[in-house]
Amino acid sequence: MASNGDIRVRNLSLYFRVRSGVVRAVDDVSFDLRRGRTMVILGESGCGKTSLSKAIIRLLPNNVQRYSGTVAIGDDDLMTYNDEEFRTSVRWQRMALVPQAAMNSLNPVVRVADQVAEPLLEHGVVGSHREALDRARNIFALVGLSPDFLDRYPFELSGGMRQRVVIAMSLVTSPELVVLDEPTSALDILTQANILNVLKSIKREFDTTFVLITHDVATSSELADDVAVMYAGQLVEKSDAERFFDEPLHPYSRLLMASVPTLRESKQLQFIPGQPPSLLDPPRGCRFADRCPKRFDRCSTEPPLISTDDGRQVKCWLYEAASDTGGNGRPLETEVTTEGGARG
Ligand SMILES: Nc1ncnc2c1ncn2[C@@H]1O[C@H](COP(=O)(O)OP(=O)(O)OP(=O)(O)O)[C@@H](O)[C@H]1O
Ligand SMILES: [Mg+2]
């Protein structure tokens, strides 16, 4: 990882203190993301996706028990910055976050143009209010908002338009990394498609690196260059998108993919029995074992991330032999079946 602007995350952990103990929401997460690429993070509700976004951009609640690891852009390890330095020279300027449900947190009494312009003024990116509004106008065009909307208040805009406004806000300072947490999830299906198109065109226009968090597999397959699957606070699979959507490796990834409808093919949908474990006291071995149709003795100890020959990584013992023997990265049997798991 030499080239400038690549994102490097190493051993990132974010634990929360609660009355009954410690929630290990992000537990030793590492990944590399090359500049200009989009990495989608997939995973069920409660697996720690939002916590990971907060850990990357260091927006932490008060009850943090542990926050450790490395978040770097190029060779610049941002964890060496103190909070004040991070606030003044990293957040917004170099990385921005579109938080989950952001469109509902716009300030109701401030015109949207001023809200989009604010980060530019607050971080000294431009010198004057007029210049900031010019930039806001340009960024509005880019996210497909008519300049007529600049003077409106949030309540005068639809959900999809407000979502465009918050995406515009994240881009206006031209950060190197933008993290989008569920940017389409609260929207109806047509509006989702519109936002998806906005994101696609932004991806084409900019050299920005994106981390896109979603449980919407359809959205992710349209935008992803890389995929990471999160389960119970950990990344259990890292892959380029093409091979992932062609043939995911981890049994969890396979079930996740089998559980979502796609527009292109009709298939019998499956569901994943049970639910993710509590992050208060996660199981010692593989965290997915008790829901896994492929579990075997080995799963009572925690698998490492195993590299396959084709450069993917998967945290599952099924792939141990494949990597040891120089195999093709496939487990001994590839078909994941879900006894009694078929729906409809
Ligand atoms: N400030 C906090 N204090 C204590 N626990 C928290 C805090 N924030 C999140 N959690 C817990 O951390 C775990 C991961 O939550 P997180 O919101 O990161 O999941 P998620 O994958 O984003 O879920 P969703 O898909 O529903 O948005 C959950 O068990 C959640 O209850
Ligand atoms: Mg979330």
Side-chain angles (χ1 to χ4, degrees), residues 9 11-31 38-69 71 83 95-105 159 163 166-167 170 177-187 192 195 199 210-221 223-224 226-238 248 250 252-253 255-257 259-261 271-272 274-283 287-288 290-291 315:
V9 170
N11 309 109
L12 188 60
S13 291
L14 177 59
Y15 297 176
F16 303 118
R17 196 190 319 275
V18 292
R19 201 177 309 171
S20 44
V22 173
V23 177
R24 289 151 66 168
V26 179
D27 206 358
D28 199 24
V29 163
S30 301
F31 64 84
T38 296
M39 184 174 88
V40 162
I41 299 179
L42 288 170
E44 279 166 290
S45 194
C47 282
K49 303 182 300 298
T50 294
S51 303
L52 176 58
S53 73
K54 291 182 173 163
I56 292 171
I57 208 136
R58 209 193 288 185
L59 279 172
L60 308 176
N62 293 328
N63 61 334
V64 170
Q65 192 264 348
R66 172 181 183 166
Y67 176 54
S68 59
V71 177
D83 287 348
M95 46 169 81
L97 171 70
V98 178
Q100 195 161 7
M103 66 181 191
N104 299 324
S105 57
Q163 190 63 22
V166 295
I167 292 171
S170 75
L177 173 68
V178 176
V179 181
L180 300 142
D181 190 0
E182 304 278 5
T184 59
S185 66
L187 304 167
Q192 280 185 14
I195 296 293
L199 294 174
F210 289 100
V211 171
L212 172 64
I213 292 168
T214 181
H215 37 227
D216 176 2
V217 173
T219 302
S220 63
S221 64
L223 287 166
D226 300 309
V227 175
V229 178
M230 192 158 191
Y231 187 77
Q234 302 176 322
L235 296 189
V236 297
E237 178 161 356
K238 294 186 270 182
H250 197 286
Y252 177 62
S253 313
L255 285 168
L256 201 60
M257 297 302 289
S259 69
V260 293
F271 72 98
I272 312 177
Q275 52 193 356
S278 160
L279 297 177
L280 266 174
D281 187 17
R287 293 186 183 178
F288 186 58
D290 67 335
R291 304 170 77 190
K315 196 173 168 62

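On a predicted model such as this, the values are computed, not experimentally measured, just so you know. Start at 1 and go down the list; that is how both ligands and their atoms are numbered.
Considering each of G48, S45, S53, the one bringing a non-hydrogen atom nearest atom 14 (C) of ligand 1 is G48.
The Mg ion (ligand 2) has no N, O or S atom of S53 under 2.8 Å away, backbone or side chain. Taking 2.8 Å as the criterion, Q100 counts as a coordinating residue of the Mg ion (ligand 2), since one of its N, O or S atoms falls below it.
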Report the C-alpha separation of V71 and M95 in whole Å, then their side-chain angles, then the decisive distance to 0.1 Å, and conclude whether the side-chain contact (heavy atoms from CB on, under 4.5 Å) test is met. CA-CA 11 Å; V71 177; M95 46 169 81; 4.1 Å; yes
Let me see the working for V64 and K54 under side-chain contact (heavy atoms from CB on, under 4.5 Å), right down to the final yes or no. CA-CA 11 Å; V64 170; K54 291 182 173 163; over 6 Å; no
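Geometrically, ligand 1 and P61 share no nitrogen or oxygen pair separated by less than 3.5 Å. By the 3.5 Å distance cut-off applied to N or O atoms, A25 is not counted among the residues near ligand 1.
In this structure, atom 3 (N) of ligand 1 lies nearest to the protein heavy atom N63 ND2, 2.8 Å. Nearest to atom 13 (C) of ligand 1 among the protein's heavy atoms is L279 CD1, 3.8 Å. Looking from atom 28 (C) of ligand 1 to the surrounding protein, the closest heavy atom is G46 O, 4.2 Å. In this structure, atom 18 (O) of ligand 1 lies nearest to the protein heavy atom S51 OG, 2.6 Å. The protein heavy atom nearest to atom 8 (N) of ligand 1 is F16 CE1, 3.5 Å.
Annotation for ligand 1: atoms under 4.0 Å from non-hydrogen atoms of T50 are 17 (O), 18 (O), 20 (P), 22 (O), 27 (O). Interface atoms of ligand 1 facing V23, defined by a heavy-atom separation under 4.0 Å, are 11 (C), 12 (O). Heavy-atom proximity to V18, at under 4.0 Å, picks out these atoms of ligand 1: 4 (C). Within ligand 1, counting atoms from 1 as listed, the ones closer than 4.0 Å to a heavy atom of C47 are 19 (O), 21 (O). Using a 4.0 Å cut-off to heavy atoms of K49, the atoms of ligand 1 that qualify are 18 (O), 19 (O), 20 (P), 21 (O), 22 (O), 23 (O), 24 (P), 25 (O).
Taking OG of S253 as the start and NZ of K238 as the end, the distance is 13.0 Å to the nearest 0.5 Å. Between the CD atom in Q234 and the CG atom in L279 there is a gap of 9.0 Å [rounded to 0.5 Å]. The distance from atom OG1 of T184 to atom CD of Q163, rounded to the nearest 0.5 Å, is 8.0 Å. For the atom pair CG (D226) and OG (S220), the distance works out to 12.5 Å, reported to the nearest 0.5 Å.
Of the listed residues (V29, I213, D181), just one forms a side chain to side chain contact (heavy atoms under 4.5 Å, CB included) with L52, and that residue is V29.
Residue contacts with ligand 1 for Q100 involve side-chain atoms from C-beta outward but no N, CA, C or O (heavy atoms, distance under 4.0 Å).
Within 4.0 Å of atom 30 (C) of ligand 1, not a single protein heavy atom is present.
For CG of D281, the number of neighbouring non-hydrogen atoms (other residues, nucleotides, ligands) closer than 6.0 Å is 12 at most.
A donor-acceptor distance shorter than 3.5 angstrom exists from the side chain of K49 to the backbone of G43, with no hydrogens or angles considered. The backbone N or O of G69 sits nowhere less than 3.5 Å from a side-chain atom of N11 that would complete a donor-acceptor pair.
Between the side chains of E44 and Y252, at least one donor N or O sits under 3.5 Å from an acceptor N or O.
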